[in-house]
Amino acid sequence: MTDLLKKSAAELAELLAEGSVTSVALTQACLDRISEVDTGDNGVHAFLHVDAEGAIAAAAASDARRAKGELLSPLDGVPIAVKDVLTTIGQPTTCGSKILEGWVPPYDATVVARLKAAGLPILGKTNMDEFAMGSSTEHSAYGPTRNPWALDRIPGGSGGGSAAAVAAFEAPLAIGTDTGGSIRQPGAVTGTVGVKPTYGAISRYGLVAMANSLDQVGPVTRTVLDSALLQELIGGHDPLDSTSISEPIPSVVDAARLGASGDLTGVKVGVIQELTTGEGWQPGVMARFDESLELLRDAGAEIVEVSCPSFEHALAAYYLIMPCEASSNLAKFDAMRYGLRVTPDGDPSAEEVMRASRDAGFGDEVKRRIILGTYALSSGYYDAYYGQAQKVRTLIQRDFAAAFEQADVLVSPTAPTTAWKLGEKLDDPLAMYKGDLATIPSNLAGVPGISVPAGLADEDGLPVGFQVLAPAKADDRVYRVGAALETLLEKKWGGPLLDKAPVLEGVAR
Amino acid sequence: MPEISRDEVAHLADLARIDLSDAELDHLAPQLAKILESVASISAAVSDDVPATSHPIPLTNVFRDDVVTPGLTAEEALAMAPATDQQRFSVPRILGDEQ
């Protein structure tokens, strides 16, 4: 592997600027790395589709612009991978589902359009749990992604492909989506950085919806600054998404640069008691969390304890609201206008074709959630389930509001455990759901969150994530504190955590 | 909280227009019962005076001017259809013989 691949996007942008590398050479290096580690029975399998030709053409166009001094953005020429849940003209968009196998959308998601307009070559589409339903990427209809730290373990989910692509140095940048932790939890278990911005800070137009009121696009990177650069590139109001925020939020790039000084004097950090005590927290996860907290204290932050008692019910509220929204959203897959059509024998009606197509096209987890959502929205159960879940959502928002009276940011481990073995929880949905405990509350409340690598757990040597949450529209705070922690930890380690990851050379062969 | 039976799962699958096989019903019904049991606590979690929240960030209606903007061409819209006929989506019959 060339050293080029280990550089951050910010460093690559500088190398491109000084002319020591071209976008074509850089993009080709990523494509070579993908061939090296991603394919075959034991490959990482972060990608569902690689667009070598399109990426090289975009890179060549970037180099031509650079020669004329007409750059489109600070990241012009830096390649990126996109989660397969965002529509892309000219590249398939499957959402990890058989029902959309081979579907090439007729329009670009706003995020994809902005990446193209900013000159970033798109390497391909990354693997994910089907329709983003899962925490391990094993629910992909096209086979799981493997964790670059241990190929027999899960890379997290639903965005395991994006996180693994970045962790395995196949791409410097990736796009993810986070409905209950699908950016942050994969970040935690792969030793990478993931940010779920404030709900509405980035357009959802062209994002195939799972749960509209929870879904959020965000950056997947190896450094906090790279995430900030990417969020500024793809964020901001979009008239095509009525829920996107119209007012500007403070600069997250400035915040990341400020945080990188490692000084947090005057910043109040609240430790969420409900997400740091009790059962289910792996000792190695808590040890790295406690160490990180001490570093923040040494950097001048004031550490306080905060309580969010309603978080106890967050998981239940989430696993009602999400399936209700998902079952409604997935009703559009009716085998009539696009997607899989299965025609039973004889002279079947449209409804029979629809039933057969949805049975063949959806996997187990999608079926579970559609049926759960159909149940909870049924007459007679609506108030007891969906209605109550929406009230819990109010209580969780109130808990956040009260906690942010006491602290500027709130912190917890990103996930209660490190990466588990592939297959271990595949047919035990409840065990899988519990891994989202710490990430779900911020989706219910719409507040931003980041996961930053906090080190390796002693018992298994696998990455641990540290989560920072801030009030809605104060994304700059998660970047400031995240960047400070990154600086302090890397000083202690003598380099990035990913330096300790296996090299993976030749695994694809 | 009501329990969820195998028959009820079959009924829900019917409502959701998914043809579940017997094997799938045997597999999914107990899992769904377990999931429902785990979320049952929610019915007692909140008092009646708490308002519901449907959206994370408060929003008012968003309007735009009623102007014509380019959309997909018929070709683009039909390009990925399972079947087309005379520039239209072609679908199986929607009525039975008796209707």
Side-chain angles (χ1 to χ4, degrees), chain A residues 103-104 106-107 198-200 213-214 239 242-243 245 313 316-317 319-320 327 334-341 343 347-356 358-359 362 364 367-368 370-372 374-375 378 381 384-385 387-395 397 429-430 443-446 472, chain B residues 1-2 4 8-9 11-21 24 27-29 31-32 34-48 50-57 59 61-64 72-73 75-83 89-97:
Chain A
W103 182 60
V104 182
Y107 69 107
T198 296
Y199 180 87
S213 78
L214 302 163
S242 300
T243 60
I245 296 171
H313 301 293
Y319 278 98
L320 285 165
S327 68
D334 58 7
M336 298 299 136
R337 293 155 300 155
Y338 54 90
L340 180 72
R341 178 182 287 183
T343 309
D347 176 29
S349 67
E351 197 177 307
E352 284 159 349
V353 167
M354 201 183 297
R355 287 170 199 281
R358 286 164 66 82
D359 182 45
F362 290 142
D364 272 2
K367 287 172 180 166
R368 276 192 284 266
I370 288 176
I371 289 170
L372 195 60
T374 307
Y375 177 78
S378 300
Y381 301 123
Y385 287 122
Q388 286 296 104
Q390 290 200 317
K391 289 180 178 179
V392 168
R393 201 167 181 176
T394 306
L395 296 184
Q397 292 195 338
L430 275 181
N443 296 84
L444 289 168
Chain B
M1 273 298 151
I4 189 162
E8 219 171 342
V9 173
H11 173 63
L12 290 164
D14 191 49
L15 290 175
R17 305 289 187 269
I18 302 175
D19 251 345
L20 289 186
S21 65
E24 282 183 301
H27 185 68
L28 292 178
Q31 290 179 339
L32 288 164
K34 239 174 105 182
I35 296 169
L36 278 176
E37 198 185 296
S38 79
V39 299
S41 65
I42 204 149
S43 63
V46 204
S47 56
D48 286 343
V50 176
T53 296
S54 61
H55 197 270
I57 308 286
L59 272 181
N61 265 341
V62 178
F63 295 103
R64 63 170 172 79
L72 298 179
T73 64
E75 268 174 7
E76 286 169 335
L78 292 166
M80 287 281 127
F89 294 104
S90 174
V91 303
R93 64 179 174 81
I94 55 167
L95 299 175
D97 291 339

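Quick note on labels: first sequence line is chain A, next is B, and so on, each numbered from 1.
Distance alone, capped at 3.5 Å, places no donor-acceptor pair between the Thr53(B) side chain and the Arg393(A) backbone.
Chain A forms the most heavy-atom pairs under 4.5 Å with one residue out of Ile35(B), Val46(B), Val62(B), and that residue is Val46(B). Each of Leu20(B), Leu78(B), Thr73(B) has some count of heavy-atom pairs under 4.5 Å with chain A, and the biggest count is that of Leu20(B). When each of Ala13(B), Ala77(B), Ala83(B), Ser54(B) is scored by its heavy-atom pairs under 4.5 Å with chain A, the top score falls to Ser54(B).
At a 4.5 Å heavy-atom cutoff, Ser327(A) makes no contact with chain B through either its backbone or its side chain. Contact annotation for Val353(A): only side-chain heavy atoms (C-beta onward) come within less than 4.5 Å of a heavy atom of chain B. Proximity to chain B is limited to the backbone of Leu444(A), based on heavy atoms less than 4.5 angstrom apart. With a 4.5 Å cut-off on non-hydrogen atoms, Thr343(A) does not touch chain B at all. Proximity to chain B involves both the backbone and the side chain of Ala317(A), based on heavy atoms less than 4.5 angstrom apart.
Here CG of Leu430(A) is found 5.5 Å from NZ of Lys34(B). Values are rounded to the nearest 0.5 Å. Separating the CG atom in Leu372(A) from the CG atom in Leu28(B) is a distance of 11.0 Å, to the nearest 0.5 Å. Distance CD1/Ile18(B) to NZ/Lys367(A): 6.5 Å, rounded to 0.5 Å.
Under the ring-ring contact (aromatic ring centres under 6.0 Å, His included) criterion, Phe89(B) pairs with no residue at all, not counting sequence neighbours. Under the ring-ring contact (aromatic ring centres under 6.0 Å, His included) criterion, His11(B) pairs with no residue at all, not counting sequence neighbours.
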What verdict does the side chain to side chain contact (heavy atoms under 4.5 Å, CB included) test give for Lys391(A) and Asp48(B), after you've listed the backbone C-alpha separation in whole Å, the side-chain angles of each residue and the deciding distance to 0.1 Å? CA-CA 9 Å; Lys391(A) 289 180 178 179; Asp48(B) 286 343; 4.2 Å; yes
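Between Pro106(A) and Glu75(B), the closest side-chain pair of non-hydrogen atoms is not below 4.5 Å.
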